[in-house]
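Notes for the one structure printed next.
In what follows, every chain begins at residue 1, and chains take the letters A, B, ... in the order their sequences are listed.
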There are 2 protein chains.
Amino acid sequence: MAAVTKHRTEPELSTVDSLAQISFLVQGMLERRAGEDDFSLIQMRLLGVLRDRRPTINELARLLALDKSSVSGLVDRAERRGLVRRGPSPVDGRSVLVSLTREGRALARQVARRFTADIDLLLEPLSPPERARLTTLLSRLLVAHAAKRGVDLLATSDLAGR
Amino acid sequence: MAAVTKHRTEPELSTVDSLAQISFLVQGMLERRAGEDDFSLIQMRLLGVLRDRRPTINELARLLALDKSSVSGLVDRAERRGLVRRGPSPVDGRSVLVSLTREGRALARQVARRFTADIDLLLEPLSPPERARLTTLLSRLLVAHAAKRGVDLLATSDLAGR
DNA sequence: TATTGTTATACTCTATAACTATA
DNA sequence: TATAGTTATAGAGTATAACAATA
């Protein structure tokens with residue numbers, strides 16, 4: 001009962017179902033891991049986006065596809081917990097620049113590490129070449145989709161904390 | 001510039017990233033489609049679960065991994081919109097049985113149809129044998145994961161409305 | 001005038017705790 | 001007593017609309 005080669009007899013889901021289900025599964029893992037540190041998924045996304053950016057509230061709203069008022073509240077709550085800070089913009093007196101605190105960065109990294117471990121475990125049933133094939137197929141879908149639309153690829157890539 | 005065979009040069013994401021991103025992408029599609037009919041994702045899940053079940057509030061709470069009080073409110077709001085109904089249990093005077101109304105069923109079907117179209121479009125870059133390979137790989141992950149835990153496979157399979 | 005961000009308001013979603021009515 | 005469901009309460013998350021400050 002070691003590893004592979006008995007998947008021939010499984011009923012196998014439809015492609016739509018398998019994609020839908022894997023998305024729920026992966027999101028559930030991320031949500032659970034974030035929840036262990038009392039994060040919501042959207043808070044995790046916020047921290048992820050801030051890993052290599054110092055955006056204004058407006059830019060955050062675009063990156064997260066939320067209204068600026070929603071982002072304002074999101075940042076409020078994260079700031080209250082010491083995870084992010086608001087700073088002045090040197091070029092526009094109306095703007096604020098949101099950035100991670102050290103604590104926020106550390107926490108985001110922790111969650112990302114645990115989440116990655118979950119995914120590694122999930123991938124265990126596949127052999128290395130099978131994983132490579134899966135990665136290639138998914139990447140092609142993502143790249144093609146990003147090409148069709150704008151460049152959401154980068155925005156969403158931060159969600160998992162990389 | 002028709003279809004395939006230029007994916008060799010792409011940078012290609014890591015396996016973790018590709019899974020994380022595809023999950024956000026698919027969830028976003030589902031959320032957007034549900035939102036067109038003013039559904040939330042959880043309302044969509046509720047309707048999906050009810051497609052072939054007539055559960056009690058407690059059973060719903062287990063299926064959706066929510067507290068029974070959360071489910072109570074969820075069902076309240078869906079009932080107020082005429083999507084589900086509460087009925088008496090013939091075997092336990094304390095229980096209620098939740099079921100879809102015709103309108104709820106029709107609406108769930110509509111959303112599922114549009115969502116499926118999104119996924120089909122997403123899959124366009126892959127040839128039929130490539131889709132089959134992707135489906136097989138994902139199915140194996142899902143089946144293995146379900147086997148490791150209980151049988152969440154069935155519960156989550158309804159989420160997309162099948 | 002237009003834009004950036006905040007605030008007021010309203011609603012959904014969620015959980016905990018207390019309650020009721022059955023069992 | 002124990003269980004099923006509801007309700008009261010509290011809080012996060014979301015959007016719309018109105019606002020203050022700056023451009």
Side-chain angles (χ1 to χ4, degrees), chain A residues 24 27-28 30-32 34-50 54-99 159, chain B residues 24 27-28 30-32 34-49 53-99 159:
Chain A
F24 275 104
Q27 294 279 304
L30 188 49
E31 201 167 1
R32 190 165 49 82
E36 288 174 4
D37 278 314
D38 269 310
F39 281 115
S40 66
L41 243 172
I42 187 61
Q43 288 284 349
M44 190 64 208
R45 285 185 66 186
L46 172 63
L47 299 194
V49 161
L50 292 177
R54 196 172 227 285
T56 66
I57 296 286
N58 253 340
E59 288 165 349
L60 273 177
R62 187 178 47 75
L63 288 167
L64 300 173
L66 294 176
D67 188 83
K68 57 186 177 164
S69 65
S70 304
V71 173
S72 194
L74 206 59
V75 170
D76 279 350
R77 292 184 289 274
E79 199 173 24
R80 218 178 297 140
R81 291 178 56 179
L83 305 176
V84 309
R85 78 173 75 80
R86 272 181 245 239
S89 164
V91 299
D92 190 330
R94 298 169 299 179
S95 294
V96 302
L97 298 185
V98 183
S99 55
L159 301 176
Chain B
F24 276 105
Q27 294 278 304
L30 188 50
E31 202 168 1
R32 191 164 50 80
E36 287 174 3
D37 278 315
D38 269 311
F39 281 117
S40 66
L41 242 173
I42 186 62
Q43 288 283 348
M44 190 64 206
R45 285 185 65 188
L46 172 63
L47 300 194
V49 161
R53 282 188 198 80
R54 196 171 227 282
T56 65
I57 296 286
N58 253 339
E59 287 165 350
L60 273 178
R62 186 178 48 75
L63 288 167
L64 300 174
L66 294 176
D67 189 83
K68 57 184 178 167
S69 66
S70 305
V71 173
S72 195
L74 207 59
V75 170
D76 279 351
R77 293 184 289 275
E79 199 173 23
R80 217 178 298 140
R81 291 179 57 180
L83 306 176
V84 308
R85 79 173 75 79
R86 273 181 245 239
S89 164
V91 300
D92 190 331
R94 299 167 300 178
S95 295
V96 301
L97 298 185
V98 184
S99 55
L159 302 177

Taking the side chain as every heavy atom from C-beta outward, state whether A:Thr56 and A:Val98 have any pair of such atoms under 4.5 Å apart.
no

Quick one: pull up CG in B:Asn58 and CG in B:Asp67 and give me the separation to the nearest 0.5 Å.
9.5 Å

Taking atom CZ of A:Arg32 and atom CG of A:Leu30, what is their separation to the nearest 0.5 Å?
10.5 Å

What is the distance, to the nearest angstrom, from the CG atom on B:Leu97 to the C1' atom on D:dA4?
12 Å

With a cut-off of less than 4.0 Å, is there a side-chain N or O of A:Asn58 near OP1 or OP2 of C:dT3?
no

Using whole Å, report how far CD1 of B:Ile57 lies from C1' of C:dT20.
15 Å

Using whole Å, report how far CD of B:Gln43 lies from P of C:dC11.
16 Å

Which residues in residues 74-95 of chain A have at least one heavy atom lying under 4.0 Å from any atom of DNA chain D?
A:Leu74, A:Arg77, A:Asp92, A:Gly93, A:Arg94

For atom CG of A:Asp67 and atom P of C:dT4, their distance in whole Å
13 Å

Measure the distance from CZ on A:Arg45 to P on D:dG13 and round it to the nearest whole Å.
13 Å

Could you state the CG-C1' distance from B:Asp38 to D:dA15, rounded to the nearest angstrom?
12 Å

Does a side-chain N or O from A:Ser70 land closer than 4.0 Å to OP1 or OP2 of D:dG13, or not?
no

Look up atom CG in B:Leu60 and atom CG in B:Leu74, then write down how far apart they are to the nearest 0.5 Å.
8.5 Å

Roughly how many Å is it from CZ in A:Arg32 to P in C:dA15, rounded to a whole number?
15 Å

Report the distance from atom CG of A:Leu41 to atom P of D:dG13, rounded to the nearest whole Å.
10 Å

Hey, which sits more toward the 5' end of DNA chain D by its nearest nucleotide, A:Lys68 or A:Phe39?
A:Phe39

Distance (rounded to the nearest 0.5 Å) between A:Leu41 CG and A:Gln43 CD:
10.5 Å

Give a yes/no answer on whether the side chain of B:Ser40 brings an N or O atom under 4.0 Å of OP1 or OP2 in C:dT12.
no

Could you measure the distance from the CZ atom of A:Phe24 to the CD atom of A:Glu31? Nearest 0.5 Å is fine.
10.5 Å

B:Ser99: which of B:Arg53, B:Arg86, B:Arg85 passes side-chain contact (heavy atoms from CB on, under 4.5 Å):
B:Arg85

Can a side chain N or O of A:Ser69 be found less than 4.0 Å away from OP1 or OP2 on D:dA15?
no

